[in-house]
S.K.: 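One structure coming up, written as structure tokens, with questions to follow.
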Amino acid sequence: MNNLLNHGIVEVATLIPNEVKIANPKFNVDEMLRLLDNVIEENKLGKRQTRVVVYPELCVTGYTCHDLFNQHTLIKRAYDEMLRFAKLSNKEYSPLIFIGMPIRKDNQLFNCAVAIHKGEIIGVVPKTFIPNYSEFYEGRYFASSVNRVDDQIVIDGKTVPFTPNLLIEDTLTGAVVSAEVCEDVWVPIPPSKHHCLHGANIIVNLSASNETIGKSKYREDLIKMQSATSNCGYVYASASRGESTTDTVFSGHSLIADCGAIVGESKFLEDIEITYGEIDIENCENDRTKTTSFMTNVYKQKYERVCIETFAPVTDEFISNREISILPFVPHNIDERATEILKLQAAGLAGRLKKINCESVVIGISGGLDSTLALIVAVEAFNINGYDKKGIHAITMPCYGTTDRTLNNARRLMEILEVTSYEINIKDACEQHYKDIGYDKSKLDVTFENVQARERTQILMDVSNKIGSLVVGTGDLSELALGWCTYNGDQMSMYGVNASIPKTLVRGILESYAEHYEGLKDVLLDICDTPVSPELLPPNEDGTIKQKTEDKIGSYVVHDFILYYMLRHGFGPKKIFDLYVNAKIMHEKNIGVKEPVVDKQELLKNMDIFYNRFWTQQFKRSCMPDGVKVGSVSLSPRGDWRMASDACQGIWLDELKDLKEKYCK
């Protein structure tokens, strides 16, 4: 695969003139050119890099011409205006253009999408499915593409493809564009399904879809699902209110979807003439190749392929106008989704307990984020099964680094949730172990820390044996990714409820939960505000936490951002770096954000830590315990992530090296 311009992110646009004159091609083309000039000017100024634009169905004549389509005068004038549009569109920074046209061929009239590039008509896509029901009477005027005699047409003395099976490939961006027309997408098996199986990654739809009650939502769902199931970008441009209102009303509804997500939309009565959106070609390719069922049972068809090269890049720097969240794991509707996430976590634990006939669990409580969420999940699971919450044996185990703040929060949490609680100070046990192995505890090194972690795990396991229960793991997805856990210590449990919940989402869930459970609010918010720490080293003289995790391993905001785009989308360091630099805090409450990294040198330092630790710590993930998958990313060796523990990270570090040479001078 070639290196794609702008990391394969292609900006597209729908152009919907508000003013349309029925059966007046000159006026309509003038309006189309006006909008195109706006797009081209934005490209020239470097504000945008719009490479594909789509107009509505039959935009040159107007969709609601009805029997006037049988008039030679209209068809001839539309043809002339199409040629004028093509000629005048030939400007620097002009994109690939699709316009809607009635075209005569083979003694028939076809409803077509005409592709134009650099002033030339490069292909014509006739509509396949002709609606002739309810308010639609297209069968009265237009023939289906299946009635065409051949796959070519002569326009202005030049022979070009005339087929629904047309692929237009932009060799600069990697975009492979195909078109369908309105009704084509509403049928059981749209032509775009075959287009995508034969290589198209952007589908454009020139439409004239009238409005009825509830139709706009149905249309949005339809386009989202087309984009999602075909792993493609989808650009839908519908006729505006300028169409005739004799029997129907049109709204100019524009939709741009990228692999199931709406990235651009204009809605009824908004009168927005230009709608922009960005489609990530690399993401489309990664999703398709990862989804091994994508190419199953392909019905091979003959396709015409035209190669073009859109205008040269405005700048070598990454350009994106898409809103990129700095917290990709944290949904914008966190209050609604937090409840769903907790239910999924709890359902996993509840199901495990029921299947093994167990009505008790053991869980270590530190007063930190992860164990707090795990305890709440346990309570919810017991509620599902109708178990007595006293079967939850919560144990806090203070030692050298435990501060009054976290210990008091652990005590309050267990008390408020009314679980069976224990407090076991492990200092004496650790002292004995240091003595047994001949260790000088004044060194405060990794041995000093891991003895405590393993002692805590031993207590949890032994209490579990004593009462015949299951040990609930508390470690989260971010810690698994970084290997920030003690092997055969907190890395081990019998069921890990947080295994697919990253650190930023843990905090987001707890902050949301706090707003809905008044009795827990104060303690949960204080836990969320406490610096993340394993508390294995002695605190400061004033009793505050000395050992802060993010001082040692970097920002969890950065790590979770890398983790999401690396695992979910397969992106490399360069693209992730550019995405992060362009990311924004998009949550009103700034949930999960504690001083996000913005300095590029500091960002690269964090990225270096991530790529080194992720590769070298795989051995801990290779034997991780069971844990329910909740989101789109998991590191379970039995599920989403299989990786050799001695794999080489060299090529990823090479990309980072290039970035460092550029930004760390």
Side-chain angles (χ1 to χ4, degrees), residues 3-18 30-56 85 88-99 116-119 170-175 177 201-202 204 233-237 240 252 254-258 261-267 270-283 308-326 571 574-586 598 600 662-663:
N3 289 325
L4 302 179
L5 178 70
N6 209 41
H7 297 306
I9 294 178
V10 177
E11 186 171 60
V12 300
T14 60
L15 277 59
I16 316 290
N18 285 331
D30 285 343
E31 288 294 287
M32 293 162 59
L33 287 167
R34 174 179 63 83
L35 296 185
L36 181 63
D37 285 343
N38 289 340
V39 172
I40 293 173
E41 185 62 25
E42 292 282 288
N43 286 344
K44 281 184 179 179
L45 295 173
K47 295 179 180 179
R48 294 191 174 275
Q49 288 197 36
T50 309
R51 297 179 183 276
V52 181
V53 300
V54 186
Y55 290 90
F85 177 90
L88 294 179
S89 71
N90 186 20
K91 298 179 180 180
E92 189 179 14
Y93 300 114
S94 183
L96 170 64
I97 305 164
F98 289 86
I99 66 172
I116 300 169
H117 182 244
K118 292 184 177 178
D170 180 1
T171 56
L172 193 65
T173 65
V177 188
N201 47 39
I202 295 179
V204 302
Y234 202 103
V235 188
Y236 183 93
S240 74
S254 292
L255 291 156
I256 301 172
D258 183 16
I262 297 296
V263 295
E265 182 175 11
S266 67
K267 297 183 178 181
E270 288 184 342
D271 288 339
I272 296 174
E273 293 187 299
I274 303 177
T275 300
Y276 294 97
E278 292 180 348
I279 294 167
D280 193 331
I281 301 302
E282 184 181 341
N283 181 42
I308 64 171
E309 186 174 291
T310 53
F311 59 86
V314 175
T315 173
D316 290 335
E317 294 296 320
F318 175 69
I319 292 179
S320 175
N321 291 293
R322 181 188 290 198
E323 289 190 336
I324 303 167
S325 172
I326 205 167
F571 296 163
K574 286 183 178 179
K575 185 168 184 176
I576 293 173
F577 174 86
D578 283 333
L579 290 174
Y580 186 92
V581 169
N582 282 267
K584 302 175 181 66
I585 299 174
M586 298 171 62
V598 291
K600 291 180 180 178
K662 184 175 182 180
Y663 294 107

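From a predicted model like this one, the values you see are computed outputs, not experimental measurements.
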S.K.: Would you call Phe571 and Asp280 a side-chain contact if the rule is heavy atoms closer than 4.5 Å?
M.R.: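 They are in contact (side-chain heavy atoms under 4.5 Å apart), so the answer is yes.
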S.K.: Calculate, to the nearest 0.5 Å, the distance between atoms OG and CZ belonging to Ser94 and Arg51 respectively.
M.R.: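 Rounded to the nearest 0.5 Å, the OG-CZ separation comes out at 12.0 Å.
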S.K.: Provide the closest heavy-atom pair for Ala257 versus Ile262 in the form atom of the first, atom of the second, distance.
M.R.: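 Smallest heavy-atom distance, with atoms named: CB-CD1, 4.1 Å.
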S.K.: Using atom types as modelled and distance alone, determine if a side-chain donor or acceptor of Lys600 lies under 3.5 Å from a backbone N or O of Tyr663.
M.R.: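 It does not hold such a pair.
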S.K.: Looking at every non-hydrogen atom in both residues, tell me the closest pair between Ile256 and Gly277 and how far apart they are.
M.R.: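 It is CD1-N, 3.5 Å.
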S.K.: Roughly how far, to the nearest 0.5 Å, is the CD atom of Glu309 from the CG atom of Leu5?
M.R.: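 Those atoms lie 9.5 Å apart.
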S.K.: Verify, without hydrogens or angle tests, whether Asn201 (side chain) and Gly174 (backbone) share a donor-acceptor contact under 3.5 angstrom.
M.R.: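 Judged by distance alone, yes, a pair lies under 3.5 Å.
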S.K.: Please work out which of the three classes, parallel, tilted or perpendicular, describes the rings of Phe311 and Tyr93, given edges at 30° and 60°.
M.R.: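 Rings of Tyr93 and Phe311: perpendicular, as their planes differ by over 60°.
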S.K.: Would you check if the side chain of Glu273 reaches a backbone N or O of Asn18 as a donor-acceptor pair within less than 3.5 Å?
M.R.: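 Checked: pair present.
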S.K.: Got a second to check how far Gln49's CD is from Tyr276's OH, nearest 0.5 Å?
M.R.: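 That separation rounds to 12.5 Å.
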S.K.: How long is the gap from CD1 on Ile116 to CD1 on Ile99, to the nearest 0.5 Å?
M.R.: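 Spacing of CD1 (Ile116) from CD1 (Ile99) equals 4.0 Å.
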S.K.: With rounding to the nearest 0.5 angstrom, report the NZ to CG distance, Lys574 to Leu579.
M.R.: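 That separation rounds to 14.0 Å.
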S.K.: Yes or no on side-chain contact (heavy atoms from CB on, under 4.5 Å) for Ile16 and Ser254, after CA distance, side-chain angles and deciding distance?
M.R.: CA-CA 8 Å; Ile16 316 290; Ser254 292; 3.4 Å; yes
S.K.: Please check if any side-chain donor atom of Glu42 sits under 3.5 Å from a side-chain acceptor atom of Thr50, or the reverse.
M.R.: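 Thr50 and Glu42 do not have a side-chain donor-acceptor pair below 3.5 Å.
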S.K.: Is there a side-chain contact between Asp37 and Lys91 in this structure, where contact means two heavy atoms from C-beta onward sitting under 4.5 Å apart?
M.R.: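 With C-beta onward as the side chain, the pair touches.
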S.K.: Indicate yes or no: at least one non-hydrogen side-chain atom of Phe318 is less than 4.5 angstrom from one of Val581.
M.R.: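 No, side chains not in contact.
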S.K.: Is any side-chain heavy atom of Thr173 closer than 4.5 Å to one of Asn6?
M.R.: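 No, every pair of side-chain atoms sits at 4.5 Å or beyond.
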S.K.: Any donor and acceptor pair, going by atom type alone, linking the side chain of Glu278 with main-chain N or O of Arg322 inside 3.5 Å?
M.R.: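 Yes.
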S.K.: Please report the closest heavy-atom contact between Gly264 and Thr275, naming both atoms and the distance.
M.R.: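 So the minimum-distance heavy-atom pair works out to C-CG2, 3.9 Å.
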S.K.: Compare every heavy atom of Ser320 with every heavy atom of Asn582, then report the nearest pair and how far apart it is.
M.R.: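 Minimum heavy-atom contact is OD1-O, 4.2 Å.
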S.K.: Mind listing the closest non-hydrogen atom pair of Pro56 and Pro17 along with its distance?
M.R.: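 Heavy atoms of Pro56 and Pro17 come nearest at CD-CD, 4.5 Å.
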S.K.: Applying side-chain contact (heavy atoms from CB on, under 4.5 Å), run through Phe85 and Leu33 and close with a yes or a no.
M.R.: CA-CA 7 Å; Phe85 177 90; Leu33 287 167; 3.6 Å; yes
S.K.: Looking only at heavy atoms, which two atoms of Thr14 and Tyr236 are closest? And how far apart?
M.R.: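 What the structure gives for the nearest pair is CG2-O, 3.6 Å.
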S.K.: Distance from Ile281 atom CD1 to Asp258 atom CG, nearest 0.5 Å?
M.R.: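 Separation between the atoms: 8.0 Å.
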S.K.: Hey, does Asp170 have a side-chain heavy atom less than 4.5 Å from the side chain of Val177?
M.R.: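 Not in contact.
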S.K.: How about Pro95 and Ile40: do any of their side-chain heavy atoms sit closer than 4.5 Å?
M.R.: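 Yes - at least one pair of side-chain heavy atoms lies under 4.5 Å apart.
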S.K.: Apply side-chain contact (heavy atoms from CB on, under 4.5 Å) to Ile279 and Val235, showing your working.
M.R.: CA-CA 9 Å; Ile279 294 167; Val235 188; 4.0 Å; yes
